[in-house]
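Below is one structure, written out as structure tokens; the observations come after it.
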Amino acid sequence: MRLFLSLPIPEEAADLLEDLQTDLPAGRPADPDQFHLTLVFLDEQREETAQAIHEAMEHLRADPVAIRLSGLELFGGRAPRTLVAGVADPAPLRALHAKVLARLRAAGVAPERRRFRPHVTLARFGDLRRHETARLERFLTENAHFEAPPFTARAVELVHSRLGANGARHEVLAAYPLEAVRPA
């Protein structure tokens with residue numbers, strides 16, 4: 001099973017992201033119904049490992065996280081592969097990411113090592129032609145000050161990602177509430 005742990009994007013923010021996609025001059029837009037913010041990509045896992053992930057996450061104790069999507073960025077260097085919306089203050093997400101990683105490691109699950117850059121994917125690109133790159137640069141300049149209203153993430157979701165001809169389809173397998181942690 002191809003798995004990841006993520007935070008859902010509320011409808012109000014998803015609607016703003018979808019509005020941005022309508023003016024996208026190139027690429028394949030991400031499905032707005034599947035917008036999410038990945039905390040940990042777990043890749044292919046056997047069923048028993050998926051169960052260990054679930055059990056570890058059931059014991060996650062973390063506060064809800066305030067998030068504000070802000071700014072657009074291209075991932076992929078000179079040959080952009082992905083357009084993403086960034087996060088204004090990633091520090092609370094980095095703290096949650098660290099707690100999730102600690103839970104997974106305690107359960108014997110070792111996710112691949114990746115630099116954590118919180119974002120929401122808006123579009124993916126194949127090989128861009130020069131005129132597409134120029135239009136994409138204009139799009140980024142015109143939308144450089146993108147901001148969505150802040151929202152609070154109140155759950156982490158375990159998601160099964162099935163790859164297909166038209167991209168990935170995501171199915172939420174479980175949700176783990178983020179509730180205010182009270183001192184003992």
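A donor-acceptor pair is defined here as one N or O able to donate and one able to accept, closer than 3.5 Å; no such pair exists between the side chain of Thr49 and the backbone of Gln45. Between the Glu132 side chain and the Arg129 main chain, a donor and an acceptor come within less than 3.5 Å of each other. A donor-acceptor pair is defined here as one N or O able to donate and one able to accept, closer than 3.5 Å; such a pair exists between the side chain of Gln21 and the backbone of Ala30. Of the possible donor and acceptor atoms, none in the side chain of Arg2 sits under 3.5 Å from a partner among the backbone N and O of Asp43. Under the 3.5 Å distance criterion, the side-chain polar atoms of His119 are left unmatched by any main-chain donor or acceptor of Gly86. Without hydrogens or angle criteria, Arg103 side chain to Ala56 main chain gives a donor-acceptor distance under 3.5 Å. Gln34 places a side-chain N or O within donor-acceptor distance of the main-chain N or O of His170, the cut-off being under 3.5 Å.
Side-chain contact between Val120 and Val87 is absent, with no heavy-atom pair separated by less than 4.5 Å. Within the 4.5 Å cutoff, side-chain heavy atoms of Met57 are placed close to those of Leu5. Residues Pro111 and Leu104 form a side-chain contact, since some pair of their non-hydrogen atoms from C-beta on lies under 4.5 Å apart. The shortest distance between side-chain heavy atoms of Ile9 and Phe151 falls below 4.5 Å. In this structure the side chain of Ile67 never reaches within 4.5 angstrom of the side chain of Asp89, judged on heavy atoms. No side-chain heavy atom of Arg154 sits less than 4.5 Å from a side-chain heavy atom of Val65. The closest side-chain heavy-atom distance from Asn143 to Leu20 is below 4.5 Å. With contacts defined as side-chain heavy-atom distances shorter than 4.5 Å, the pair Leu122/Leu24 does not qualify.
Criterion: ILVMFWY side-chain heavy atoms under 4.5 Å apart, direct or through other members. Under it, Val84 and Leu69 are not part of a common hydrophobic cluster.
Here the shortest heavy-atom pairing between Thr152 and Pro64 reads CG2-CB, 3.5 Å. In terms of heavy atoms, Leu37 sits closest to Pro118 at CD2-CB, 4.0 Å. In terms of heavy-atom proximity, Leu101 sits nearest to Val40 at CD2-CG2, 4.0 Å. A pairwise comparison of heavy atoms in Pro80 and Phe125 identifies O-CB, 3.6 Å as the closest pair. Residue Glu147 comes nearest to Leu16 through the heavy atom pair O-CD1, 4.4 Å, listed as atom of the first residue, atom of the second, then distance. Here the closest heavy-atom approach between residue Ala13 and residue Ala148 is recorded as CB-CB, 4.3 Å.
Rounded to the nearest 0.5 Å, atoms CG (Leu173) and CG (Leu158) are 5.0 Å apart. How far CG of Leu3 is from CZ of Arg46: 13.0 Å, rounded to the nearest 0.5 Å. The CZ atom of Arg135 sits 10.0 Å away from the CG atom of Leu128 when rounded to the nearest 0.5 Å. If you take CD on Glu137 and OG1 on Thr141, they are separated by 7.5 Å, rounding to the nearest 0.5 Å. Going from atom CZ of Phe75 over to atom CG of Leu83 covers 9.5 Å, rounded to the nearest 0.5 Å.
When only modelled atom types and interatomic distance are considered, His54 and Tyr176 share a side-chain donor-acceptor pair under 3.5 Å. Judged by distance alone, the side chains of Thr38 and His36 do bring a donor and an acceptor atom under 3.5 Å apart. Of the N and O atoms on the side chains of Glu47 and Gln51, not one donor lies less than 3.5 Å from an acceptor on the other residue.
One finds a salt bridge joining Asp127 and Arg81 here, because a Lys/Arg side-chain nitrogen approaches an Asp/Glu carboxylate oxygen to under 4.0 Å. Salt bridge Arg117/Glu73: present, at least one basic N to carboxylate O contact under 4.0 Å.
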Could you walk me through whether Thr121 and Phe35 pass the side chain to side chain contact (heavy atoms under 4.5 Å, CB included) test, one step at a time? CA-CA 7 Å; Thr121 300; Phe35 284 148; over 6 Å; no
Would you check, one step at a time, whether the test side chain to side chain contact (heavy atoms under 4.5 Å, CB included) holds for Leu178 with Leu96? CA-CA 10 Å; Leu178 297 174; Leu96 177 60; 4.0 Å; yes
Should Leu74 and Thr82 be marked as a side chain to side chain contact (heavy atoms under 4.5 Å, CB included) after you check the CA-CA gap, both sets of side-chain angles, and the distance that decides it? CA-CA 6 Å; Leu74 293 172; Thr82 312; over 6 Å; no
Before giving the answer on side chain to side chain contact (heavy atoms under 4.5 Å, CB included), spell out for Met1 and Leu42 the whole-Å C-alpha distance, their side-chain angles and the decisive distance to 0.1 Å. CA-CA 9 Å; Met1 302 174 74; Leu42 297 159; over 6 Å; no
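Through direct or indirect side-chain contacts shorter than 4.5 Å among Ile, Leu, Val, Met, Phe, Trp and Tyr, Phe4 is connected to Phe41, Val159, Val172.
The 12-atom threshold is not exceeded at NE2 of His145, counting heavy atoms of other residues, nucleotides or ligands nearer than 6.0 Å. Within a 6.0 Å radius of CZ in Arg124, other residues, nucleotides and ligands contribute 12 heavy atoms or fewer. In this structure, Glu44 places its CD atom where more than 12 heavy-atom neighbours from other residues, nucleotides or ligands lie under 6.0 Å away.
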